[in-house]
Amino acid sequence: MARIIAVANQKGGVGKTTTAVNLAAALAAAKRRVLLVDLDPQGNATMASGVDKRDAKPNGCEVLLDEAPIEQVIVTTEAHYDLLPGNGDLTAAELKLMDALARESRLKEQLAKVAARYDTILIDCPPSLHLLTLNALAAADGLLIPVQCEYFALEGLSSLLETVSAVRQRLNPSLEIEGLLRTMYDVRNNLGNEVSAQLTAHFGDKVLRSIIPRNVRLAEAPSHGQPIHLYDRSSRGAIAYIGLAGEIIRRERGAQAAVNALHDMHDDGVHEDVAEAASYPHQEH
């Protein structure tokens, strides 16, 4: 069964789409079966995957409204991951869902139909905390938060974490923070170094070891409709996302190993509450 990771931050311009697309490509290159869901009405993840959002009909809008089977809407990309495309129609879907029953669970219901096909499902969320993002958080096992190391980074995080807490209480008790990913990082920038240190001090091992640098080739790749893995695999940006994919895979394996070990202990008579407590994602130190 797929692990579902939402890539979200209500602050725009922090590298959500860049991360969703390039992490999908890097995981696919590591022989993982990956589905990328473009849930942003801007459709940037769709375009960066080499699919013209203007021709993407049906798309995620029809899937959310249950007007088209998700199996028929998913397309395969040149980078060998599958894509549920999105475009401006998603805004209409959000409006139509406002009065619908179980409106926050529509995406979860649809992804359940194809989850067995994949190892990882990534959801590229819009830069807001409205209904589309709530659908992603309700469906997700983990939340990956790209953070640009600048002055307002921590301020934006507080609102997102409040939303995560509310989603846990109302919709998805198992939602975990997959990690905070530092993006557009420049080691020569003193402010960036200070914010990075603050993030680590405040969030500890929730801050991923992988760091995405500022990189011209990474910025150029979307205009060519390619992930950086295809556009320039030797660039610093490509190497950074390969490293991120490796870190995500290691964390998943570590979590699963812990769960398996404690299930074995439970079989030997250990209290089941211990096994349940260890089912949460393992964090590297």
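Numbers here are sequence positions counted from 1.
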Quiz prompt | Charged N-O contact under 4.0 Å between Glu176 and Arg3 | solution = no

Quiz item: Does NZ in Lys53 sit with more than 12 non-hydrogen atoms of other residues, nucleotides or ligands closer than 6.0 Å?
Solution: yes

Quiz item: When clusters are formed by joining ILVMFWY residues with side-chain heavy atoms under 4.5 Å apart, either directly or through shared neighbours, do Leu175 and Leu157 land in the same one?
Solution: yes

Exercise. Kindly indicate whether the side chain of Ile123, heavy atoms from C-beta on, has any atom under 4.5 Å from the side chain of Asp38.
Key: no

Exercise. Show your reasoning for whether side chain to side chain contact (heavy atoms under 4.5 Å, CB included) applies to Tyr185 and Asn193.
Key: CA-CA 9 Å; Tyr185 192 79; Asn193 293 328; 2.6 Å; yes

Exercise. Decide yes or no for Thr120 and Leu122: does some side-chain heavy atom of the first lie under 4.5 Å from some side-chain heavy atom of the second?
Key: yes

Quiz item: Within a reach of under 6.0 Å around NE2 of His130, are more than 12 heavy atoms found that belong to other residues, nucleotides or ligands?
Solution: no

Quiz item: Within the distance-only criterion (no hydrogens, no angle test), does the side chain of Asn22 pair as donor or acceptor with the backbone N or O of Ile228 below 3.5 angstrom?
Solution: yes

Quiz item: With a 4.5 Å heavy-atom cut-off, do Leu230 and Pro227 have their side chains touching?
Solution: yes

Practice problem: Locate the shortest heavy-atom distance separating Cys125 from Asp40; write the atom from each residue and the value. | Solution: O-OD2, 4.1 Å

Quiz item: With side chains defined as the heavy atoms from C-beta onward, is the minimum distance between Pro41 and Leu132 less than 4.5 Å?
Solution: yes

Self-check item: Asp66 side chain reached by Gln110 side chain, heavy atoms, under 4.5 Å
Solution: yes

Quiz item: Taking the side chain from Thr183 and the backbone from Val14, do they hold a donor-acceptor pair closer than 3.5 Å?
Solution: yes

Self-check item: Spacing of CD1 belonging to Ile5 relative to CG belonging to Leu143, to within rounding of 0.5 Å
Solution: 10.0 Å

Quiz item: Shortest non-hydrogen contact from Tyr118 to Asp82?
Solution: OH-OD2, 2.6 Å

Quiz item: Can you name the closest pair of heavy atoms from Ile239 and Arg233 and give their distance?
Solution: CG1-O, 4.4 Å

Exercise. Say whether, by atom type as modelled, one donor and one acceptor occur between the side chain of Gln10 and the main chain of Leu129 under 3.5 angstrom.
Key: no

Quiz item: Asn59 and Pro85: which non-hydrogen atoms are nearest, and at how many Å?
Solution: CB-O, 3.4 Å

Quiz item: More than 12 foreign heavy atoms under 6.0 Å from CG of Leu95: is that the case here?
Solution: yes

Practice problem: Apply side chain to side chain donor-acceptor pair (under 3.5 Å) to the pair Ser174 and Asn172, showing each step before the final yes or no. | Solution: CA-CA 5 Å; Ser174 63; Asn172 185 1; 3.0 Å; yes

Quiz prompt | Leu144 reachable from Leu83 in the ILVMFWY side-chain graph, under 4.5 Å edges | solution = yes

Quiz item: For Ser49 and Val21, what are the C-alpha separation, side-chain angles and deciding distance, and is it a side chain to side chain contact (heavy atoms under 4.5 Å, CB included)?
Solution: CA-CA 7 Å; Ser49 298; Val21 169; 4.2 Å; yes

Exercise. Could you check Glu62 against Val73 for side chain to side chain contact (heavy atoms under 4.5 Å, CB included), going step by step and ending with a plain yes or no?
Key: CA-CA 9 Å; Glu62 286 78 11; Val73 179; 5.6 Å; no

Quiz item: If you measure from CE on Met1 to CD1 on Ile121, what distance do you get to the nearest 0.5 Å?
Solution: 9.0 Å

Exercise. Kindly say whether Ser210 contributes a backbone atom to a donor-acceptor pair with the side chain of Glu247 at under 3.5 angstrom?
Key: yes

Quiz item: How many angstroms lie between atom OG1 of Thr46 and atom CG of Leu36, to the nearest 0.5 angstrom?
Solution: 7.5 Å

Practice problem: Using a strict cut-off of less than 4.0 Å between a Lys/Arg side-chain nitrogen and an Asp/Glu carboxylate oxygen, indicate whether Asp89 and Lys57 qualify as a salt bridge. | Solution: yes

Quiz item: More than 12 foreign heavy atoms under 6.0 Å from CZ of Arg217: is that the case here?
Solution: yes

Quiz item: Checking Arg103 side chain against Met98 main chain: does a donor-acceptor pair fall under 3.5 Å?
Solution: yes

Quiz item: Which pair of non-hydrogen atoms, one from Ile211 and one from Ala240, has the smallest distance, and what is that distance?
Solution: O-CB, 3.7 Å

Self-check item: Expected output: side-chain Asn9 to main-chain Ile145 donor-acceptor under 3.5 Å
Solution: no

Quiz item: Are Leu180 and Leu137 in one and the same hydrophobic cluster, where Ile, Leu, Val, Met, Phe, Trp and Tyr link if side-chain heavy atoms are under 4.5 Å apart?
Solution: yes

Self-check item: Side-chain donor/acceptor of Asn87 to backbone N/O of Gly43, under 3.5 Å
Solution: no

Quiz item: With hydrophobic residues grouped by side-chain heavy-atom distances under 4.5 Å, do Leu131 and Leu39 end up in a single group?
Solution: yes

Quiz item: Taking atom CG of Leu90 and atom CD of Gln42, what is their separation to the nearest 0.5 Å?
Solution: 11.0 Å

Exercise. Start with the C-alpha gap between Arg106 and Glu94, add the side-chain angles, then the distance that decides, and say whether salt bridge (Lys or Arg N to Asp or Glu O under 4.0 Å) holds.
Key: CA-CA 11 Å; Arg106 289 297 185 93; Glu94 187 170 33; over 6 Å; no

Quiz prompt | N/O donor-acceptor pair under 3.5 Å between Asp141 side chain and Ile4 backbone | solution = yes

Practice problem: Measure the shortest side-chain to side-chain distance between Phe203 and Ile177 over non-hydrogen atoms and say whether it is less than 4.5 angstrom. | Solution: no

Quiz item: Given the rule in the side chain to side chain contact (heavy atoms under 4.5 Å, CB included) test, do Leu208 and Arg251 qualify, once you have shown the distances and angles that lead to the verdict?
Solution: CA-CA 10 Å; Leu208 296 170; Arg251 285 183 172 226; 3.5 Å; yes

Practice problem: Indicate whether the side chain of Asp124 and that of Thr17 have a donor and an acceptor atom separated by less than 3.5 Å. | Solution: yes

Quiz prompt | Validation row: Arg182, Val207 side chains within 4.5 angstrom (heavy atoms) | solution = yes

Quiz item: Under 6.0 Å from the CZ atom of Arg168, do we count more than 12 heavy atoms belonging to anything else shown?
Solution: yes

Quiz item: Are Glu104 and Arg170 close enough for a salt bridge, meaning some N to O gap below 4.0 Å?
Solution: yes

Practice problem: Could you check Ile248, Leu244, Val147 and say which one makes a side chain to side chain contact (heavy atoms under 4.5 Å, CB included) with Leu181? | Solution: Leu244

Self-check item: Distance in Å, Asp232 CG paired with Gln226 CD, rounded so as to fall on 0.5 Å steps
Solution: 10.5 Å

Practice problem: Indicate yes or no for a side-chain donor-acceptor contact from Lys206 to the backbone of Leu199 under 3.5 Å, with no hydrogens or angles considered. | Solution: no

Self-check item: Minimum heavy-atom distance Lys16-Pro127, with the two atoms named
Solution: NZ-CB, 3.7 Å

Quiz prompt | Qualifying residue, where the test is side chain to side chain contact (heavy atoms under 4.5 Å, CB included) with Cys61 and the options are Leu64, Val63, Leu65 | solution = Leu65

Quiz item: When hydrophobic residues are tied together by side-chain contacts of less than 4.5 Å, even through go-betweens, does Leu218 share a cluster with Leu23?
Solution: yes

Exercise. Indicate whether the side chain of Tyr241 and that of Thr19 have a donor and an acceptor atom separated by less than 3.5 Å.
Key: yes

Quiz item: How far does OG of Ser128 sit from CG of Leu134, to the nearest 0.5 angstrom?
Solution: 8.5 Å

Quiz item: Do the side-chain N and O atoms of Tyr81 and Thr76 include a donor-acceptor pair separated by under 3.5 angstrom?
Solution: no

Self-check item: Heavy atoms of other groups near Glu67 CD, more than 12 under 6.0 Å
Solution: yes

Quiz item: Counting distance only, does the side-chain N/O of Ser235 pair as donor-acceptor with the main-chain N or O of Ala238 below 3.5 Å?
Solution: yes

Quiz item: In terms of side-chain geometry, is the basic nitrogen of Asp186 or Arg214 positioned less than 4.0 Å from the acidic oxygen of its partner?
Solution: no

